[in-house]
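Working notes for the structure below.
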Amino acid sequence: MAKDHSNFFNDVHDVARLIPKGKVTNYGSIARYLGATRSSRMVGWAMNAAHNIDDIPAHRVVNRVGVLTGKNHFADPGEMQALLESEGIKVENDQIVDFKTHYWDPVVELEM
DNA sequence: TGTTTGACTGGGA
DNA sequence: CTCCCAGCCAAAC
């Protein structure tokens with residue numbers, strides 16, 4: 001993993017791309033993986049910039065409790081849930097069911 | 001150059 | 001248990 005700190009966005013985009021299909025993670029974990037634990041908000045911000053990039057599965061990134069907080073930022077609010085469900089992830093009331101089961105922590109999986 | 005914002009988080013009431 | 005508040009940090013205005 002080439003940690004390109006020149007661009008915070010780049011880092012976030014890079015990690016987001018590594019999220020396996022059918023798995024989800026939260027902003028805090030990504031931030032932690034990048035060494036910016038307290039910059040969880042920036043992760044979301046970076047994802048906002050990722051809108052131009054279709055390689056970034058932003059739908060696999062949710063907040064810590066598994067709520068699709070960013071669904072509103074998608075082209076279609078229902079797109080996020082649809083994508084998740086298409087990957088085998090159940091979503092109910094804008095919240096991921098068994099979030100812990102589908103949880104994918106870059107810090108653990110990528111081990112740095 | 002200074003202020004506001006935000007796809008968050010954690011802790012307290 | 002749910003609701004509210006303060007902290008955090010980089011980009012946008």
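Below, chains carry the letters A, B, ... as their sequence lines are ordered, and counting in each starts from 1.
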Under 4.0 Å between a side-chain N/O of A:Ser40 and OP1 or OP2 of C:dC8, yes or no? no
Any chance you could measure A:Thr25, atom OG1, to A:Asn63, atom CG, to the nearest 0.5 Å? 11.0 Å
Give me, pair by pair, the N or O atoms of the protein and of nucleotides 10-13 of chain B that are less than 3.5 Å apart, along with how far apart they are.
residue	atom	partner	partner atom	Å
B:dG10	N7	A:Arg64	NH2	3.0

Can you list every pair that meets salt bridge (charged side-chain N to carboxylate O under 4.0 Å, His left out) and has a residue in residues 77-100 of chain A, with sequence neighbours left out? A:Arg60-A:Glu87, A:Lys71-A:Asp94
For the pair made of [atom1] in [X] and [atom2] in [N], what is the distance, rounded to whole Å?
X       : N      : atom1 : atom2 : value
A:Phe8  : C:dA12 : CZ    : C1'   : 16 Å
A:Phe74 : B:dA7  : CZ    : P     : 12 Å
A:Ile96 : B:dA7  : CD1   : P     : 17 Å

Does [X] reach a base, just sugar-phosphate, or nothing at all? Heavy atoms under 4.0 Å.
X       : answer
A:Asn48 : base
A:Asn72 : nothing
A:Ala58 : base

Side chain of A:Phe9, heavy atoms from C-beta onward: which of B:dC8, C:dA11, B:dA7 has the nearest atom to it?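 Side chain of A:Phe9 sits closest to C:dA11.
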Minimum-distance nucleotide to A:Trp45 side chain [options: C:dA12, B:dC8, B:dA7]: C:dA12
Please say yes or no: joined through hydrophobic side-chain contacts below 4.5 Å, possibly via intermediate residues, are A:Val97 and A:Leu68 part of one cluster? no
By side chain to side chain contact (heavy atoms under 4.5 Å, CB included), which residues pair with A:Asp105, not counting sequence neighbours? A:Ser29, A:Arg32, A:Tyr103, A:Val107, A:Val108
Can you tell me whether the side chain of A:His51 and the base of B:dA7 have a donor-acceptor pair closer than 3.5 Å? yes
